[in-house]
Amino acid sequence: HRKLTLEVTSNPAWYAVQALPYIMEFPYECSEQVFNRFYANSLAAHIVRSNPKIERIFSQWKGTDALLSNLEKREDLKSVLLQETPWVLQGKDESERKRRVALLFDLNGMAQALDDAFRTLQKMQGSNGGFPWFPGMPESRYITQYIVAGMGHLRALGVDLSRDRELALLRRAIEYCDRQMAEDYERLKRSRDFNPAKDYLGELAVQYLYARSFFLAQEIAREHREAVEFWKRQAREHWLGRSLMSQGMIALALRRFGDEATPKGIIASLRERSLWSDEMGMYWKQNAGWFWYQAPIETQAVLIEAFDEVARDAKAVEEMKIWLLKQKQVQDWKTTIATADAVYALLLRGRDPLASEALVEVVLGGVPVDPRGEGRKPEAGTGYYSATWNGAEIKPEMGTVVVTKRDEGIAWGALYWQYFERLDRITPAKSPLAVRKTLFRKSVTDEGEVLEPISEGNPLHVGDILTARIEIRVDRDMEYIHLKDMRGAGFEPLNQLSGFKWRGGLGFYEAPKDASVNFFIHWLPKGVHVFEYFIRVTHRGVFSNGITTIQSMYAPEFAAHTEGFVVKVR
């Protein structure tokens, strides 16, 4: 035994709060980002007013590891130092964002930031009421409807948008959206094959209904009412063929427009198609795409809103929040939209996840672990703490862990066992990550190249070319993955140069070393990934091939390795 490390996070919802500064500080002056700065400051003001203890938590975070990026934390539990990876700057960027959390929640600066963001947004609004993506571009319906829906979120949360400047901006934006949807309808009516029973429902029409449903007090102009009724009818009749996000938006919009039956049918259908697990909560099987309505984080946020408002199902809402938090565990949310929507869904729907301060109780090998013993100090807010045992202190019974959470909500943790062993005696281990390595000899025959498995009856010889095939299995999307493939002393890789590669549908940075090859995978989608690289046999003898290890640098508790085996070369 070398070391046993226990770590526990009692309330991970605080990690969502730590993500908020990213929305406020995105460097580009496009309409969507300017609005998200306004949104983040409004959200921060609302959170502080509704939960005063947040300021106290932030003051306790200053000068501690709480404001370090997950990439920079817990170096002793990782298979490679952050400085040795291509992601050292990403780690510093995230740490800097977290350190500015306290600035976001400074009430004096908040009012000025709100005012600056709104004035910039006003200047970007076109004469027709629409917003472009960037100044000088034509107005974008998606961006305009996104801003209207975001304003609807703020109003639903109780943020005051009653000043003349805000009402004027909103009124003109909503009129622009009404006008665009009416023009779409008129174009359809002029086409020869127009049939009101056919499916004409696009994702922009769904987004329009959702955004418009927040502001029913603003009357729809008489010349636009026929068009709006047409699009509502299309949503009622053709919702089943839309994306998951669109189905959630349709359920919310139609309910607000006064239709009770269709939203209930949509929620019932969504419930039937949902997946559930103890660890991941309630979620849906979906393939992320390049379109805005295929984004998984934003989709889950809309569905949480639908189950909260339409179904009034508090249990389902809490189960769906678990999935969102589990994504934050292994990813640094990269977009302002994903961060804004996730924070809205996590913090401001259903039960307040920041209310609890109770710590998770852990019994290790029959002995309770004191969170405040032996110099330990639980982190404010998240309740994170860790405990370590060395060498002779480690007993076999410590492999049995009992975790008790007295209050509601999610908690997570990990137990790391670090030990010394001969490489060829190591047995495989897996988590939600799993890895397998196979060696083949590449031979040229009359029928072309063939791969032959290595066996006692088919020994290797100096000069043989081997194919190392690595298979990775992962049950969720992950970021910042380090894969280290050891190799026997009698082998050399054919590729000696570091660089970015694309193999088997997976992009990675490959870095050959003296005794191993390191692969750095920035984005690892859920599923099975197989890729190969080539090595040459250079010496005869009996060699330990070593093991292949894979680990999330963002969440080191997600790790796996292969078994060790011996290779003989004649």
Side-chain angles (χ1 to χ4, degrees), residues 78-80 84-87 330 421 423-443 449-455 458 460 464-538 543-567 569:
K78 295 176 182 177
S79 57
V80 63
E84 297 174 18
T85 75
W87 306 314
V330 291
E421 180 58 280
L423 282 171
D424 56 307
R425 291 180 181 172
I426 295 174
T427 55
K430 65 180 181 178
S431 63
L433 272 171
V435 63
R436 187 165 68 124
K437 177 184 176 181
T438 315
L439 284 178
F440 298 91
R441 179 166 56 190
K442 188 162 69 170
S443 302
E449 288 186 351
V450 295
L451 297 180
E452 303 172 331
I454 296 172
S455 65
N458 187 16
L460 294 176
D464 284 348
I465 302 293
L466 304 184
T467 297
R469 177 176 295 169
I470 296 174
E471 177 186 300
I472 302 169
R473 293 178 180 269
V474 59
D475 70 353
R476 67 202 72 182
D477 296 339
M478 290 192 185
E479 281 191 304
Y480 304 119
I481 301 299
H482 172 230
L483 175 71
K484 180 179 180 180
D485 183 35
M486 295 181 179
R487 65 175 183 275
F491 301 146
E492 283 296 323
L494 292 189
N495 173 49
Q496 300 284 352
L497 300 177
S498 299
F500 183 80
K501 304 286 172 62
W502 183 269
R503 289 190 196 135
L506 192 66
F508 53 84
Y509 187 87
E510 181 178 337
K513 299 287 185 183
D514 287 342
S516 64
V517 181
N518 290 275
F519 301 91
F520 300 97
I521 306 166
H522 182 80
W523 177 250
L524 184 66
K526 175 181 176 179
V528 180
H529 306 274
V530 180
F531 65 94
E532 299 172 343
Y533 75 98
F534 308 105
I535 52 182
R536 186 189 299 277
V537 180
T538 56
F543 306 103
S544 171
N545 187 62
I547 60 173
T548 303
T549 59
I550 188 168
Q551 186 178 41
S552 166
M553 293 290 290
Y554 202 80
E557 60 267 34
F558 293 97
H561 60 76
T562 64
E563 75 277 19
F565 61 94
V566 170
V567 178
V569 180

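Bear in mind the structure is a predicted one, so any value in this text is a computation, not a measurement.
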**OP:** Starting from the C-alpha separation in whole Å, work towards a yes-or-no answer on side-chain contact (heavy atoms from CB on, under 4.5 Å) for Ile481 and Val474.
**Re:** CA-CA 11 Å; Ile481 301 299; Val474 59; over 6 Å; no
Subject >> Note, Arg503 side chain near Glu510 side chain (heavy atom, < 4.5 Å) >> reply: yes
Original post:
Hey, are Arg473 and Glu471 close enough for a salt bridge, meaning a charged N less than 4.0 Å from a carboxylate O?
Top reply: yes
**OP:** For side-chain contact (heavy atoms from CB on, under 4.5 Å), just list the numbers for Arg536 and Ile465, CA-CA rounded to whole Å, side-chain angles, deciding distance to a tenth of an Å, and then say yes or no.
**Re:** CA-CA 5 Å; Arg536 186 189 299 277; Ile465 302 293; 3.4 Å; yes
**OP:** Grab the two heavy atoms, one from Ser431 and one from Ala559, that are nearest each other, plus how far apart they are.
**Re:** OG-O, 2.9 Å
Original post:
Hey, what do you get for NE2 (His482) to CD1 (Ile521), rounding to the nearest 0.5 Å?
Top reply: 9.5 Å
Original post:
Say you draw a straight line from CG of Asn495 to OH of Tyr533; how long is it, rounded to the nearest 0.5 Å?
Top reply: 10.5 Å
Subject >> Steps toward side-chain contact (heavy atoms from CB on, under 4.5 Å) verdict (Glu532, Leu451) >> reply: CA-CA 12 Å; Glu532 299 172 343; Leu451 297 180; 4.2 Å; yes
Original post:
Does some side-chain heavy atom of Val435 sit less than 4.5 Å from a side-chain heavy atom of Pro428?
Top reply: no
Original post:
Which distance, rounded to the nearest 0.5 Å, do you find between the CD of Glu557 and the CD of Gln551?
Top reply: 9.0 Å
Original post:
How close do Arg487 and Ser516 get, heavy atom to heavy atom, and via which atoms?
Top reply: NH1-O, 3.1 Å
**OP:** Look up atom CG in Leu483 and atom CD1 in Ile550, then write down how far apart they are to the nearest 0.5 Å.
**Re:** 5.0 Å
Original post:
Parallel under 30°, tilted from 30 to 60°, perpendicular over 60°: which one fits the rings of Phe531 and Phe519?
Top reply: perpendicular
Subject >> Interatomic spacing from CZ in Phe534 to CZ in Arg469 - rounded to 0.5 Å >> reply: 10.0 Å
Subject >> Smallest separation among heavy atoms of Leu460 and Arg441, with atom names >> reply: CA-NH1, 4.0 Å
**OP:** State, with a plain yes or no, whether a side-chain heavy atom of Tyr480 is found less than 4.5 Å away from one of His522.
**Re:** yes
**OP:** Examine the side chains of Glu492 and Thr538 and answer whether a donor and an acceptor come within less than 3.5 Å of each other.
**Re:** no
**OP:** Indicate yes or no: at least one non-hydrogen side-chain atom of Ile535 is less than 4.5 angstrom from one of Leu439.
**Re:** yes
**OP:** Check the pair Phe491 / Val537 against side-chain contact (heavy atoms from CB on, under 4.5 Å), numbers first and verdict last.
**Re:** CA-CA 5 Å; Phe491 301 146; Val537 180; 3.7 Å; yes
Subject >> Minimal non-hydrogen separation, Phe520 against Ala511, with atom names >> reply: CE1-CB, 4.2 Å
Original post:
In Å and rounded to the nearest 0.5 Å, what is the CZ to CZ distance from Phe500 to Phe508?
Top reply: 8.0 Å
Subject >> Smallest separation among heavy atoms of Leu423 and Gly546, with atom names >> reply: CD1-CA, 3.9 Å
Original post:
Is it the case that more than 12 heavy atoms not belonging to Lys501 sit under 6.0 Å from its NZ atom?
Top reply: yes
Original post:
Is the backbone of Gly564 close enough, under 3.5 Å, to the side chain of Asp424 for a donor and an acceptor to pair up by distance?
Top reply: no
Original post:
If every non-hydrogen atom of Lys437 is compared with every non-hydrogen atom of Ala468, which pair is closest and at what distance?
Top reply: CE-CB, 4.2 Å
